[in-house]
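First comes the structure, then the notes that go with it.
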There are 2 protein chains.
Amino acid sequence: MIRIKSILKENGYKLTSQRRATLEVILHNEDKHMSTEEIFIEVKKTNPDIGLATIYRTVLLLEELGILVRLNFEDGRNRYELSHPEEDHDHHHLICLKCGQVSEVEEDLLESLEETIDRNHNFKIINHKVKFFGHCNRCR
Amino acid sequence: MIRIKSILKENGYKLTSQRRATLEVILHNEDKHMSTEEIFIEVKKTNPDIGLATIYRTVLLLEELGILVRLNFEDGRNRYELSHPEEDHDHHHLICLKCGQVSEVEEDLLESLEETIDRNHNFKIINHKVKFFGHCNRCR
DNA sequence: ATCTTTGCAAATGCTTTGCACATTC
DNA sequence: GAATGTGCAAAGCATTTGCAAAGAT
């Protein structure tokens with residue numbers, strides 16, 4: 001949170017109570033990949049007067065600052081998770097086609113593919129988004 | 001087209017002139033990753049009376065039948081390309097962050113990562129969606 | 001003749017925006 | 001006190017849907 005506050009400050013933004021509350025909900029729900037509306041519902045429990053537009057503006061800002069990562073699980077809404085600055089590329093997600101559960105893959109293992117792409121396509125990779133669809137341990 | 005017609009027929013759907021025109025536009029614009037509206041504008045040139053809703057219904061149907069693959073390049077609209085039945089998994093896309101150009105990667109090279117996921121996460125992979133963001137040959 | 005498909009317009013659902021007021025530094 | 005941030009309601013935009021008419025087998 002201290003790190004995040006200084007990122008905001010460095011960029012000329014304030015850590016308002018709404019932004020702090022939004023961040024705390026996301027920090028306390030790691031691995032949940034919350035949608036904007038889910039974040040809104042949670043934040044409302046401590047800040048009942050907050051508006052949905054504020055949550056939209058906050059997650060957009062936090063994404064631009066690299067604090068959040070926007071996820072797309074093909075369900076028609078944006079979802080967010082904390083960015084992990086120690087990982088230089090986003091991690092992958094496993095999405096169960098039966099129950100919808102989403103889990104994370106810590107292994108990257110894309111080095112050789114990315115080298116091949118750099119070599120064969122002359123394309124400089126900065127980041128990637130990788131989703132695997134299939135059946136989770138409970139549904140397979 | 002003969003193959004597609006029989007897939008439609010097998011599933012109890014008709015190859016109407018609207019569906020044929022939609023397919024022809026997609027067939028004649030391979031590698032363009034057209035959005036629904038772009039398809040609509042193209043189809044209108046030969047079928048001026050077609051409605052946008054028909055295009056939406058057609059691409060949805062063709063996707064369900066496995067004839068099209070829906071793509072998401074994070075620009076707020078669905079895009080489609082022909083499915084390549086000889087590939088058992090969708091191919092990857094390279095998206096240039098500067099000029100927006102999208103190109104395709106024929107190399108899969110995900111076998112070892114997918115084996116690791118099966119082993120470590122007990123997750124049975126059926127398909128994947130892989131996007132690489134970076135700078136293309138002209139922009140790097 | 002029956003079942004499917006289409007065009008249109010309206011509805012939907014997520015997200016963004018304009019604006020007056022409030023808050024922060 | 002100037003600039004930034006917020007809440008609300010309205011607008012925006014891609015997509016879906018209800019329905020009556022048209023089309024296919």
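Model, not experiment: these values are computed from the prediction. In what follows, chains are A, B, ... by sequence order, proteins preceding strands, each numbered from 1. These numbers come from the heavy atoms of this one structure, side chains and all, not from hydrogens, waters or symmetry mates.
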Practice item. Treating Ile, Leu, Val, Met, Phe, Trp and Tyr as nodes and any side-chain heavy-atom pair under 4.5 angstrom as an edge, say whether Leu82(B) and Val25(B) lie in one connected cluster. Key: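 Yes; Val25(B) is reachable from Leu82(B) via cluster members.
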
**Study point:** Transitive ILVMFWY side-chain link Leu94(B) to Leu109(B), under 4.5 Å
**Key:**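 Shared cluster, yes.
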
Exercise for review: Could you tell me whether the side chain of Glu81(A) reaches within less than 4.5 Å of the side chain of Arg70(A), counting heavy atoms only?
Suggested key: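 With C-beta onward as the side chain, the pair stays apart.
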
Review point. Do the side chains of Arg3(A) and Pro85(A) get nearer than 4.5 Å, heavy atoms only?
Key: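 The answer is yes; the side chains approach within 4.5 Å.
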
Whole angstrom is fine here: how far is it from [atom1] in [X] over to [atom2] in [N]?
X: Glu64(A); N: dT16(C); atom1: CD; atom2: P; answer: 10 Å
X: Tyr13(A); N: dC25(C); atom1: OH; atom2: P; answer: 16 Å
X: Arg20(A); N: dT6(D); atom1: CZ; atom2: C1'; answer: 17 Å

Show me the side-chain donor-acceptor pairs of residues 11-19 of chain A shorter than 3.5 Å, one per line, residues at least two apart or across chains.
| unit_1 | atom_1 | unit_2 | atom_2 | d |
| --- | --- | --- | --- | --- |
| Asn11(A) | ND2 | Ile7(A) | O | 2.7 |
| Thr16(A) | OG1 | Arg19(A) | N | 3.2 |
| Arg19(A) | NH1 | Lys14(A) | O | 2.7 |

Practice item. Taking only Lys NZ, Arg NE, NH1 and NH2, and the carboxylate oxygens of Asp or Glu, determine whether Glu38(B) and Lys32(B) approach each other closer than 4.0 Å. Key: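 A salt bridge is absent here (no side-chain N lies under 4.0 Å from a carboxylate O).
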
Practice item. Kindly indicate whether the side chain of Lys14(B) and the base of dT5(C) share any N or O donor-acceptor pair separated by less than 3.5 Å? Key: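 Donor-acceptor pair under 3.5 Å: no.
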
Exercise for review: Apply the side-chain contact (heavy atoms from CB on, under 4.5 Å) test between His93(B) and each candidate in Phe132(B), Phe133(B), Phe73(B); give the one that qualifies.
Suggested key: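 Exactly one option meets the side-chain contact (heavy atoms from CB on, under 4.5 Å) with His93(B), and it is Phe73(B).
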
**Study point:** Toward the 5' end of DNA chain D, by each residue's nearest nucleotide, Lys9(B) or Leu60(B)
**Key:**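 Final value for this comparison: Leu60(B).
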
Check your understanding: Can you give one letter per nucleotide of nucleotides 6-11 of chain C, going 5' to 3': B for a protein heavy atom under 4.0 Å from the base, S for sugar-phosphate only, - for none?
Key -> BBB---

Exercise for review: Report the relative orientation of the aromatic rings in His84(B) and His91(B); use parallel for angles under 30°, tilted for 30 to 60°, perpendicular for over 60°.
Suggested key: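 Taking His91(B) first and then His84(B), their aromatic rings sit tilted (interplane angle of 30° to 60°).
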
Practice item. Under 4.0 Å from any atom of DNA chain C, heavy atoms only: list the residues of residues 66-79 of chain B that qualify, in numerical order. Key: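 Hits under 4.0 Å, by residue number: none.
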
Check your understanding: Does OP1 or OP2 of dT16(C) have a side-chain N or O of Tyr56(A) closer than 4.0 Å?
Key ->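 False: Tyr56(A) side-chain N/O out of range (4.0 Å or more) of dT16(C) OP1/OP2.
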
